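Predicted model only: the values in this text are computed from it and were never measured. Computation of the quantities below employed the complete heavy-atom set of this structure, encompassing side-chain atoms and omitting hydrogens, waters and symmetry-equivalent molecules.
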Amino acid sequence: SGLKNLDEKSLKDVLPTDFTAGNFLNEYQLKRSEQAIINRYKEDGYFFAKLNVVREPVEDGRVKIRFEVDEGQKLKIGRFDVQFDRRMGPFQSWRRTMQIKWHFSSGKGAIYSRELLNNDIKRFVDVLKEKGYLLAAIEPRSEIDGKKRRMNVRLVVHIGPRLRVGHVDFEGNKVISPQDLAVHLTLKSGEFFTLKKFSQSIENIRKAYEKLGYLEVEVVHHPRILEEAGRVDFTVEVKEGQIIYVEKIAVEGLTKTRTKIARREIVQEEGERYDGEKVELSKRNLSNTGYFENVFVLTEKGSKPSARV
């Protein structure tokens, strides 16, 4: 009873599975159930929710359990600040640079949410890693001010060193030499690591293989961080797979033009080795006709292991 903001089903869903009608009641089960309900309220910001357990005896030695809830008000944010473990410049300038929409600000009276705070922390760490701080970690320190009924939040940022790219080695490649693969790296040795450039390098290598027919190539990287040296080395592992041939090209979803006209824009030929550049060009050609809202390229297995439709 006393439910206003959470419904009975959402609370029953968090109860222990063995806390059901017909089972023997023990204090351990009851305490677990109470804590589960309180935790559920905290998830939605009700940190001051109170619970009273009422036991009503019924026939045959059974007892009816009723949870009386005083939900209280949602917990709001009090102070919110960020502390770096070494000087990194004013945090406000970092906030503007990172272009993160923070959910917590001092004096805004925002409702505290652990989930939203964790999302903010994740975005913060992602931005730091994008800038080369691969060892960055954030320690949240939250403290409830019982008098003001506010949650004071401090993020302690362990920034770590900004790493440069060291050695990049290749493994598993047979079709393309290490020297030719290195050409596709947009991030060179000695430069500060950025996730965007490195991801683009991996994509460039994948496209180089697709152009040669290796549609199902897998390119994964394994970092080795050398903190004292201030660098990160990588091994790029290539699983080339087999050459794929195009058995058949099917054009589906046409409503404004005929298949024959659409096929004129497709430069990839049936029976040929798959060519990633030709497929991408065909996709652009179809999009540029103006007949299609979206153009998707899908593949499925053909009549042979090396054939795709």
Side-chain angles (χ1 to χ4, degrees), residues 126 129-132 134 163-226 231-253 259 262-289 292-309:
D126 287 346
K129 289 186 176 181
E130 164 60 29
K131 293 180 178 294
L134 296 182
L163 301 177
R164 295 180 183 272
V165 177
H167 303 297
V168 180
D169 301 315
F170 298 96
E171 199 174 85
N173 55 302
K174 298 176 182 178
V175 176
I176 303 179
S177 68
Q179 294 78 10
D180 289 337
L181 287 178
V183 173
H184 298 287
L185 298 176
T186 58
L187 198 58
K188 306 300 181 182
S189 179
E191 294 182 11
F192 281 118
F193 175 87
T194 70
L195 185 59
K196 184 177 181 181
K197 281 189 175 182
F198 195 78
S199 298
Q200 185 59 56
S201 300
I202 298 299
E203 180 65 11
N204 291 345
I205 292 172
R206 188 184 64 78
K207 286 183 176 180
Y209 271 96
E210 281 194 0
K211 179 173 173 53
L212 300 177
Y214 293 88
L215 170 63
E216 296 165 354
V217 63
E218 295 180 33
V219 184
V220 294
H221 63 277
H222 307 284
R224 299 186 302 280
I225 295 176
L226 292 88
R231 77 170 198 261
V232 54
D233 295 342
F234 289 93
T235 296
V236 178
E237 181 184 1
V238 181
K239 298 178 182 179
E240 296 176 334
Q242 62 182 341
I243 295 178
I244 299 299
Y245 292 87
V246 179
E247 181 177 310
K248 180 183 177 182
I249 297 175
V251 182
E252 300 176 348
T259 301
R263 280 185 173 275
R264 293 175 186 169
E265 307 298 331
I266 300 175
V267 296
Q268 172 75 63
E269 297 286 344
E270 293 179 348
E272 283 187 348
R273 183 178 63 187
Y274 179 93
D275 186 325
E277 285 188 2
K278 286 185 177 180
V279 171
E280 189 60 34
L281 177 58
S282 301
K283 183 180 176 180
R284 286 201 302 270
N285 290 345
L286 288 168
S287 296
N288 291 338
T289 62
F292 311 103
E293 202 170 305
N294 293 295
V295 177
F296 300 99
V297 178
L298 306 174
T299 60
E300 58 185 53
K301 292 182 178 181
S303 61
K304 298 178 181 179
S306 62
R308 296 293 182 271
V309 176

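Of the inter-residue distances, the one linking Gln242 atom CD with Leu215 atom CG reads 10.0 Å to the nearest 0.5 angstrom. Here the CZ-CZ distance, from Arg231 to Arg224, works out to 8.5 Å after rounding to the nearest 0.5 Å. For the atom pair CZ (Phe170) and CD (Gln179), the distance works out to 9.5 Å, reported to the nearest 0.5 Å. The distance from the OH atom of Tyr274 to the CD atom of Glu210 is 4.5 Å, given to the nearest 0.5 Å. We find the CD-CZ distance between Glu203 and Arg206 to be 4.0 Å, quoted to the nearest 0.5 Å. Taken to the nearest 0.5 Å, the OG1 atom of Thr289 stands 14.0 Å off from the CZ atom of Arg284.
Residues Lys129 and Leu195 are not in side-chain contact: their nearest non-hydrogen atoms beyond the backbone lie 4.5 Å or more apart. Looking at heavy atoms from C-beta onward, Leu163 lies in side-chain contact with Ile225 at the 4.5 angstrom threshold. Taking 4.5 Å as the limit, every side-chain heavy atom of His221 sits out of range of all side-chain heavy atoms of Val168. Two residues are said to be in side-chain contact when any heavy atoms from C-beta on lie closer than 4.5 Å; Glu191 and Lys197 meet this criterion.
Geometrically, Arg164 engages Phe192 in a cation-pi contact, judged by NZ or CZ lying under 6.0 Å from the ring centre and within 45° of the ring axis.
The number of heavy atoms from other shown groups lying within 6.0 Å of NZ (Lys188) is above 12.
By the side-chain hydrogen bond (donor to acceptor under 3.5 Å, both in side chains) test, Asp275 pairs with no residue at all, sequence neighbours left out.
Using bins of under 30°, 30° to 60° and over 60° for the plane-to-plane angle, the ring pair Phe193/Phe234 lands in the parallel bin.
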Please tabulate, for side-chain N and O atoms in residues 300-309, each donor-acceptor pair with protein atoms closer than 3.5 Å (sequence neighbours left out).
{"unit_1": "Ser303", "atom_1": "OG", "unit_2": "Glu247", "atom_2": "OE1", "d": "2.7"}
{"unit_1": "Ser303", "atom_1": "OG", "unit_2": "Glu247", "atom_2": "OE2", "d": "3.4"}
{"unit_1": "Arg308", "atom_1": "NE", "unit_2": "Glu216", "atom_2": "OE2", "d": "2.9"}
{"unit_1": "Arg308", "atom_1": "NH1", "unit_2": "Pro305", "atom_2": "O", "d": "2.9"}
{"unit_1": "Arg308", "atom_1": "NH2", "unit_2": "Glu216", "atom_2": "OE1", "d": "3.3"}
{"unit_1": "Arg308", "atom_1": "NH2", "unit_2": "Glu216", "atom_2": "OE2", "d": "2.6"}

(request) Check step by step if side chain to side chain contact (heavy atoms under 4.5 Å, CB included) holds for Leu212 and Ile243. (result) CA-CA 8 Å; Leu212 300 177; Ile243 295 178; over 6 Å; no
(request) Start with the C-alpha distance between Ile266 and Val251, add both sets of side-chain angles, then the distance that settles side chain to side chain contact (heavy atoms under 4.5 Å, CB included), and finish with yes or no. (result) CA-CA 10 Å; Ile266 300 175; Val251 182; 3.8 Å; yes
(request) Determine, stepwise, if the pair Ile176 / Glu240 fulfils side chain to side chain contact (heavy atoms under 4.5 Å, CB included). (result) CA-CA 10 Å; Ile176 303 179; Glu240 296 176 334; 5.6 Å; no
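Comment: Glu272 engages Lys278 in a salt bridge, judged by a side-chain N to carboxylate O separation of less than 4.0 angstrom.
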